[in-house]
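Working notes, beginning with the structure itself.
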Amino acid sequence: MTKMRATDEQENVAKAFVAARAEKTPLTLYPGAVPETMADAYAIQDAAIALDGRRIGGWKVGRIAADLVARFGDNRLTGPIFTDEIVDASARECPAMPVYGGGFAAAEAEVLLCLGEVGDRVWDIESVKDIVVELRTGIEVASSPFPAINDHGPAVTASDYGNNKGLVLGPAIADWRGRDLLSMPVEFRIDGECVGAATMATMLDGPFGAALFLIRTLRARGIAIPPGTWVSTGAITGVHEIRPGQRADALFDGKIRVGCTIESL
């Protein structure tokens with residue numbers, strides 16, 4: 001992927017998304033020319049990040065559907081998670097996480113990696129574990145003022161912050177280096193009802209593959225990864241649409257729980 005400077009049209013799309021998020025206004029249509037490539041999408045995303053001005057504390061990584069990989073040239077996408085939307089619930093609190101009323105909203109069980117010094121080294125699936133300073137359970141809250149964001153392919157999703165609206169940091173998996181993480185059972189519940197169950201074996205090459213993708217992609221975009229950056233590595237049990245007033249809970253290994261409630265902005 002080659003880093004692209006945003007065109008005037010892409011700048012206008014970025015401005016529309018930033019304004020819709022700030023003003024909590026739904027977008028009934030995509031606000032401009034639909035991006036056709038991931039480079040186009042990231043040009044819009046980079047412009048929006050610059051306009052937004054908030055500090056980035058992490059990045060979400062999401063999967064691109066297998067039938068779209070050849071067209072878009074990758075199997076994952078990414079978007080920023082702003083520091084003021086990262087909530088620590090490791091002491092088993094149940095924070096209220098806001099979503100866009102009239103927009104799209106979902107919640108996902110994810111493994112979260114906190115990275116140390118990334119540097120300029122070329123990492124692989126094993127060595128990248130050396131820069132993971134903490135591994136936690138968590139929930140990504142996905143939301144966009146554009147309700148059809150996930151209906152138009154990964155470039156549209158990526159163009160609006162990858163459809164992210166927050167991150168819940170759950171308890172750590174303390175012994176993760178000695179565990180077979182890919183076989184760990186994960187369940188996701190909404191209002192107490194199980195809506196998904198899987199293992200991390202469904203996540204392409206797993207959470208550490210997601211970290212490698214992020215490092216490669218951000219380097220190509222000229223974006224630094226400071227120590228302390230969180231990586232939300234991808235939905236384990238699926239993308240579960242959710243409404244304000246509902247509660248989401250993820251259960252890892254049958255005993256590690258993280259939860260949140262959903263409220264409307």
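Throughout, residue positions are numbered sequentially from 1 according to the sequence presented.
- Among residues two or more places apart in sequence or in another chain, the side-chain hydrogen bond (donor to acceptor under 3.5 Å, both in side chains) test is passed with R219 by none.
- With respect to R179 and D253, a salt bridge is recorded, a charged nitrogen being found less than 4.0 Å from a carboxylate O.
- The existence of a salt bridge linking R71 and E36 is confirmed by a sub-4.0 Å separation between a basic side-chain nitrogen and an acidic carboxylate oxygen.
- Applying the side-chain hydrogen bond (donor to acceptor under 3.5 Å, both in side chains) definition to pairs two or more places apart or across chains, those involving residues 222-236 are E110-S232.
- Inter-residue side-chain proximity for V111 and F252 is flagged as met; some heavy-atom pair is nearer than 4.5 Å.
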Exercise. Verify ring pair (Phe, Tyr, Trp, His ring centres under 6.0 Å) between Y161 and F17, making sure each step is shown before the conclusion.
Key: CA-CA 9 Å; Y161 295 158; F17 272 123; 8.3 Å; no

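- Under a hydrophobic-cluster definition in which Ile, Leu, Val, Met, Phe, Trp and Tyr are linked whenever side-chain heavy atoms come within less than 4.5 Å, directly or via other members, V99 and V18 are assigned to the same cluster.
- Listed here is the closest heavy atom pair of P98 and V141: O-CG1, 4.3 Å.
- Pairs passing the side-chain hydrogen bond (donor to acceptor under 3.5 Å, both in side chains) check and including a residue from residues 132-142, sequence neighbours excluded, read K60-E140, D88-R136, E134-R136, E140-N164.
- Using a 4.5 Å cut-off on side-chain heavy atoms (C-beta onward), F188 and E108 make no contact.
- Proximity of the aromatic rings of W176 and F208 is defined here by a centroid distance below 6.0 angstrom, and this criterion is met.
- Residues forming a side-chain hydrogen bond (donor to acceptor under 3.5 Å, both in side chains) with T202 (at least two apart in sequence, or on another chain): none.
- Not counting sequence neighbours, D120 has no partner by the side-chain hydrogen bond (donor to acceptor under 3.5 Å, both in side chains) test.
- Under the rule for a side-chain hydrogen bond (donor to acceptor under 3.5 Å, both in side chains), K24 has no partner lying at least two apart in sequence or in another chain.
- Considering all non-hydrogen atoms of both residues, L77 and A158 come closest at CB-CB, 4.5 Å.
- Summarising the geometry, atom CD belonging to E85 is positioned 11.0 Å from atom CD1 belonging to I56; distances are rounded to the nearest 0.5 Å.
- Evaluation of the salt bridge (charged side-chain N to carboxylate O under 4.0 Å, His left out) rule for E23 yields no partner, not counting sequence neighbours.
- Among residues two or more places apart in sequence or in another chain, the side chain to side chain contact (heavy atoms under 4.5 Å, CB included) test is passed with V133 by C114.
- The salt bridge (charged side-chain N to carboxylate O under 4.0 Å, His left out) test applied to R247 returns D249, not counting sequence neighbours.
- In the hydrophobic clustering of this structure, M203 groups with I173; members are Ile, Leu, Val, Met, Phe, Trp, Tyr whose side-chain heavy atoms approach within less than 4.5 Å, directly or through other members.
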Residues 255-265 side chain polar contacts: donor-acceptor under 3.5 Å, at least two apart:
none

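- With sequence neighbours excluded, the residues forming a salt bridge (charged side-chain N to carboxylate O under 4.0 Å, His left out) with R216 are D74, listed by chain and number.
- For the pair R76 and D205, the salt-bridge criterion is met [side-chain N within less than 4.0 Å of a carboxylate O].
- F104 pairs by the ring pair (Phe, Tyr, Trp, His ring centres under 6.0 Å) definition with nothing, not counting sequence neighbours.
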